[in-house]
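Accompanying notes for the structure given below.
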Amino acid sequence: MSLLQISVIAFLVTLPLNLDVLAMEYSGTGTAWNSAAGPSITASCKGRGPFHASASDEVWNMGLSCGDYVRVECVGDGCKSSPQFVLASIVDRCTPNCNGATFILPQSGFNEIAEPNYAWVYIKYKA
């Protein structure tokens, strides 16, 4: 087996591990909803995982991001030291446009990444 063949096989084996590197990273703000009900899950948008998120109009993209996972990472003031990110499933468009936030997370998800005395934090997210 040639060195080129070995290199190609090694690349293909590690490709799934490297796909996160290819994901686009964006900046925004995150907050938590105050009601126990959380987002209104539309019939066409099934959430998966422990955390569901409402997205701003820009992220919601007329429903194209419905059901997508997003990695939300807290950056800057108000962030906990560990863990600083959560995975959430986009299940809803928040109105009116998330009150200026990029994502509204459930209080439990927000508390995973941010100190409870902060109403909102700066975030980076990958979709």
Side-chain angles (χ1 to χ4, degrees):
M1 193 177 287
S2 74
L3 183 57
L4 177 61
Q5 288 171 320
I6 293 171
S7 297
V8 169
I9 291 170
F11 172 77
L12 292 175
V13 168
T14 62
L15 184 60
L17 303 174
N18 294 323
L19 286 179
D20 188 52
V21 174
L22 301 176
M24 294 293 294
E25 186 171 86
Y26 305 94
S27 297
T29 57
T31 189
W33 58 69
N34 294 325
S35 88
S40 61
I41 300 174
T42 62
S44 64
C45 203
K46 302 294 184 206
R48 302 175 309 264
F51 301 121
H52 297 165
S54 292
S56 64
D57 287 335
E58 180 181 338
V59 174
W60 180 247
N61 195 16
M62 299 187 316
L64 293 176
S65 65
C66 182
D68 288 352
Y69 277 107
V70 63
R71 182 185 188 273
V72 180
E73 179 182 352
C74 185
V75 294
D77 291 342
C79 299
K80 290 191 171 178
S81 58
S82 176
Q84 288 189 326
F85 73 90
V86 294
L87 291 176
S89 181
I90 299 172
V91 296
D92 201 5
R93 173 183 151 260
C94 45
T95 56
N97 203 21
C98 296
N99 293 324
T102 309
F103 291 103
I104 300 179
L105 298 167
Q107 190 68 55
S108 57
F110 186 78
N111 289 348
E112 289 280 323
I113 62 172
E115 297 296 335
N117 57 328
Y118 279 76
W120 62 272
V121 292
Y122 289 106
I123 61 168
K124 291 190 298 187
Y125 62 97
K126 289 183 179 183

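Note: hydrogens, waters and symmetry copies are ignored here, and every other heavy atom, side chains too, is used. No experiment lies behind these values; they were computed from the predicted model shown. For reference, positions follow the sequence shown, starting with 1.
When all heavy atoms of A114 and V121 are compared, the closest pair comes out as CB-CG1, 3.8 Å. Here the shortest heavy-atom pairing between A55 and C98 reads C-SG, 3.5 Å. Across all their heavy atoms, S56 and A101 have their closest contact at CB-O, 3.7 Å. For I104 against A32, the heavy-atom pair with the smallest separation is CG2-C, 3.7 Å. Heavy atoms only, all atoms of each residue included: V70 and I90 are closest at CG1-CG1, 4.1 Å. Between V91 and H52 the shortest heavy-atom distance is CG2-CB, 3.6 Å.
Placement of L87 and Y26 in two distinct hydrophobic clusters is found when ILVMFWY residues are connected by side-chain heavy-atom separations under 4.5 Å, directly or transitively. Cluster annotation: Y69 is not connected to L105 through the hydrophobic network of ILVMFWY side chains, with a link wherever side-chain heavy atoms come within less than 4.5 Å. Residues I123 and M24 share a single hydrophobic cluster, defined by chaining ILVMFWY side chains whose heavy atoms lie under 4.5 Å apart. By the rule that hydrophobic residues join a cluster once side-chain heavy atoms approach within less than 4.5 Å of another member, W120 and V86 end up as members of separate clusters.
Side-chain atoms of S27 do not come within 3.5 Å of backbone N or O of K124 as any donor-acceptor pair. Formation of a donor-acceptor pair under 3.5 Å by the K80 side chain with backbone atoms of E112 is not found in this model. At least one donor-acceptor pair under 3.5 Å links the side chain of S65 to the backbone N or O of V59.
Distance check, rounded to the nearest 0.5 Å: CD of E25 to OH of Y125 gives 10.5 Å. In this structure, F103 CZ and T31 OG1 are separated by 13.0 Å, a value rounded to the nearest 0.5 Å.
Looking at F110 and P116, their side chains never come closer than 4.5 Å, going by heavy atoms from C-beta outward. Using a 4.5 Å cut-off on side-chain heavy atoms (C-beta onward), P106 and W33 make contact. In this structure, the side chains of R93 and D57 come closer than 4.5 Å at one or more pairs of heavy atoms.
Heavy atoms from other residues, nucleotides or ligands lying under 6.0 Å from OH of Y122 number 12 at most.
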